[in-house]
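Please read the structure below before turning to the comments.
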Number of protein chains: 2
Amino acid sequence: MNRPAFRNWQTVQEEVLRRIHAREWKPGDLIPNEADLAEEFGCARATVNRALRTVAESGLLDRRRKAGTRVALQPVAKATIDISLIRQEIEARGQKYGYQLISRRLQEPPAQVSGALQVPMTTRMLHLSALHLANDAPYAVEDRWINTATVPTAVNEGFETISGNEWLLANAPYTHGEIAFSAAAATKEEARLLGCPLHAAVFVIDRLTWDHAVSVTKVRLTFAPGHQLRTAL
Amino acid sequence: MNRPAFRNWQTVQEEVLRRIHAREWKPGDLIPNEADLAEEFGCARATVNRALRTVAESGLLDRRRKAGTRVALQPVAKATIDISLIRQEIEARGQKYGYQLISRRLQEPPAQVSGALQVPMTTRMLHLSALHLANDAPYAVEDRWINTATVPTAVNEGFETISGNEWLLANAPYTHGEIAFSAAAATKEEARLLGCPLHAAVFVIDRLTWDHAVSVTKVRLTFAPGHQLRTAL
DNA sequence: AGAATTATTATGTACATACATAAAATCATT
DNA sequence: AATGATTTTATGTATGTACATAATAATTCT
């Protein structure tokens with residue numbers, strides 16, 4: 001009668017996942033409490049806690065004080081997407097990264113931009129347009145507005161050799177932000193830069209970042225047709 | 001001289017984040033070790049560990065045994081996307097959900113599908129096509145292949161009133177999967193169902209799920225033009 | 001009976017201690 | 001100097017105890 005010692009939290013987690021998966025614990029079921037599981041597994045309650053907490057974070061368990069832990073009825077799949085630098089993204093695939101500044105202007109933003117960044121319409125902001133290349137082929141167009149009130153030093157940077165993407169990461173921290181993925185028809189300018197037909201379906205990422213209460217930057221990345229963003233589930 | 005007691009891990013985490021944002025600890029810097037921080041903060045090392053571990057998970061810190069903890073040079077933003085049921089997604093926005101089965105056939109999959117699911121080309125699979133509606137307007141087209149070898153009970157389900165999405169979640173568990181986001185031009189069939197122009201730019205989600213070594217299902221969700229997938233950063 | 005109060009209970013977390021582990025640094029050996 | 005063995009060290013984690021907290025259940029009061 002050798003009890004299969006579940007002595008570390010990873011092992012406990014695996015066993016918990018196995019039971020959920022094997023429907024020994026069915027969706028909606030209340031599972032035994034931490035103390036009981038600890039006794040069953042022959043480990044400390046803290047170990048069970050760590051395992052259950054981790055599984056709960058992945059969405060497979062719902063935990064509530066006093067109410068106990070139950071198997072999620074409708075597990076919400078959580079896809080975590082790593083938003084890395086475009087340069088890293090390209091280099092990670094063993095391709096040669098290229099960068100090309102298209103335009104750099106201090107100008108008054110359109111209402112949509114000033115509204116999103118919550119700055120007066122009359123305030124001039126730094127507007128960048130650039131092209132990222134993979135093995136010399138167009139990869140993505142970057143269209144960026146930088147709030148110069150928040151990041152004044154940006155006006156001293158030419159952005160001829162470094163992308164806004166990279167410069168901001170190193171020079172302008174942000175506390176939070178918002179990201180949106182969508183599909184769009186390539187504009188005339190995008191089609192020209194990406195070398196694709198006008199109105200081709202392109203993948204778009206819009207990002208808006210904040211440093212506490214002030215906006216930092218708003219960027220729109222338009223990828224060449226065929227681009228996929230993929231991740232494990 | 002009242003030391004600002006950082007007595008719980010959330011408070012410690014906030015202080016760590018503050019120092020990173022305020023550049024007191026700059027990107028690349030080695031920060032003090034857990035024991036020292038614990039002493040400084042007046043708490044146990046385990047508390048500091050929990051805080052630092054959490055920050056590291058968010059990508060702002062790099063930790064390595066013996067080497068210590070340093071501020072990430074290029075913090076990788078991690079966007080977590082909750083992939084919920086389409087019905088829930090729509091209802092969460094206060095809209096009326098509608099579902100319509102377009103077709104349900106047992107048929108031999110095209111090479112691309114049988115390859116992705118790793119089943120012999122001659123094996124017939126369940127092929128579903130359905131439309132999801134929000135306030136009676138087309139929302140997304142679901143095109144799904146179900147591996148009937150893995151989920152034999154699926155052939156007994158008509159899918160007239162319940163979507164493959166929902167039925168599988170309740171009846172066919174999966175251990176892992178893959179998800180991809182992209183943009184595509186609407187096909188003739190998609191355009192007809194979504195009521196949009198042919199070749200309109202549409203947002204697409206492709207998902208493939210597995211139960212250990214066997215494939216469960218492959219689904220392609222094509223959203224009506226204008227659809228955005230957004231999340232906090 | 002209904003409302004307010006109190007007890008109970010499962011999770012959540014803090015702490016001190018101990019040991020495990022990985023990786024860097026040092027020392028010994030050739 | 002290059003190689004290999006050893007020590008050191010910072011993180012990683014397990015444990016027992018203690019108490020906090022939230023939510024439910026039970027009880028008391030009106």
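Keep in mind that this is a model prediction, so the values were computed, not measured. By convention in this document, chain letters (A, B, ...) are assigned in the order of the sequence lines, proteins followed by strands, and residues within each chain are numbered from 1.
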Figure out the [atom1]/[atom2] separation between [X] and [N], and round it to whole Å.
X	N	atom1	atom2	value
A:Arg53	C:dG12	CZ	C1'	9 Å
B:Leu30	D:dA10	CG	P	9 Å
A:Arg65	D:dT24	CZ	P	13 Å
B:Asn33	C:dA24	CG	P	16 Å
A:Lys66	C:dT6	NZ	P	18 Å
A:Arg70	D:dA23	CZ	P	14 Å
B:Asn8	D:dA18	CG	P	21 Å
B:Glu39	C:dC15	CD	P	14 Å

Parallel, tilted or perpendicular, as decided by the 30° and 60° cut-offs, for the rings of A:Trp210 and A:His176: parallel
Between A:Ala67 and A:Thr47, which residue's closest nucleotide on DNA chain D lies nearer the 5′ terminus? A:Thr47
For the [atom1] atom of [X] and the [atom2] atom of [Y], what is their distance to the nearest 0.5 Å?
X	Y	atom1	atom2	value
B:Trp167	B:Thr153	CH2	OG1	3.5 Å
A:Phe159	A:Tyr99	CZ	OH	7.5 Å
A:Glu142	A:Thr222	CD	OG1	10.0 Å
A:Thr231	A:Asp82	OG1	CG	7.0 Å

Phosphate oxygens OP1/OP2 of [N]: is one of them under 4.0 Å from a side-chain N or O of [X]?
X	N	answer
A:Gln10	D:dG12	no
B:Thr69	D:dA10	no
B:Arg64	C:dA24	yes
B:Arg50	C:dT13	yes

For a quick check of understanding: with a heavy-atom distance under 4.0 Å over all strands, which category does A:Ala46 fall into, base, sugar-phosphate or nothing? base
Give B:Arg45 one of three labels, base, sugar-phosphate or nothing, depending on what nucleic acid heavy atoms sit under 4.0 Å from its own. base
